K.L.:
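Sharing a structure here in structure tokens format.
Along the sequence shown, residues carry numbers from 1. Not measured: the values here are computed from a predicted model.
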Amino acid sequence: MKICNMILLIILALLQFRLWFSVGGIQDVRHLEQIKQAQRQENHRLLRRNQALAAEVMDLKHGFAAIEERARSELGLIRQGEVFYRVIEEDQATDASHE
């Protein structure tokens, strides 16, 4: 019985050694968890940067058109070479003549 207990104790010690210190053991798992967490943080930072850049691209693509439309409707500006036609409705024409 003593020999059987000794063999089991040696096997347990070897398994514990493999668990704690060998390749793929607990130390490697902890190290990989740290690397994974750092990579997730980096991915999150890059995702926010990409979203900001995408918003900037959309603004550059559509922002100029919005500014141009506002200049046309609110300020009455036109591009070079364009012809501007102003349509006055009849009600507004009679109101303008009375003033």
K.L.:
Are any non-hydrogen side-chain atoms of Lys36 and Glu33 less than 4.5 angstrom apart?
P.N.:
yes

K.L.:
Can you tell me if Leu12 has over 12 outside heavy atoms packed within less than 6.0 Å of its CG?
P.N.:
yes

K.L.:
How far does CD of Glu42 sit from CZ of Arg40, to the nearest 0.5 angstrom?
P.N.:
14.5 Å

K.L.:
Tell me, which pairs form a side chain to side chain donor-acceptor pair (under 3.5 Å) where one or both residues lie in residues 1-12, sequence neighbours left out?
P.N.:
none

K.L.:
What I'd like to find out is whether the side chain of Val57 reaches to under 4.5 Å of the side chain of Leu53, using heavy atoms alone.
P.N.:
no

K.L.:
Given Arg30, which of Ile26, Asp28, Leu32 fulfils the side chain to side chain contact (heavy atoms under 4.5 Å, CB included) condition?
P.N.:
Ile26

K.L.:
What I want to check is whether the side chains of Arg48 and His44 have a donor and an acceptor closer together than 3.5 Å.
P.N.:
yes

K.L.:
Verify the neighbour count for atom CZ of Arg18: are there more than 12 heavy atoms of other residues, nucleotides or ligands below 6.0 Å?
P.N.:
no

K.L.:
Kindly work out whether a path of hydrophobic side-chain contacts (I/L/V/M/F/W/Y, heavy atoms less than 4.5 Å apart) joins Phe17 to Leu9.
P.N.:
no

K.L.:
So with a 6.0 Å cut-off around CD of Glu68, is the heavy-atom count from everything else above 12?
P.N.:
yes

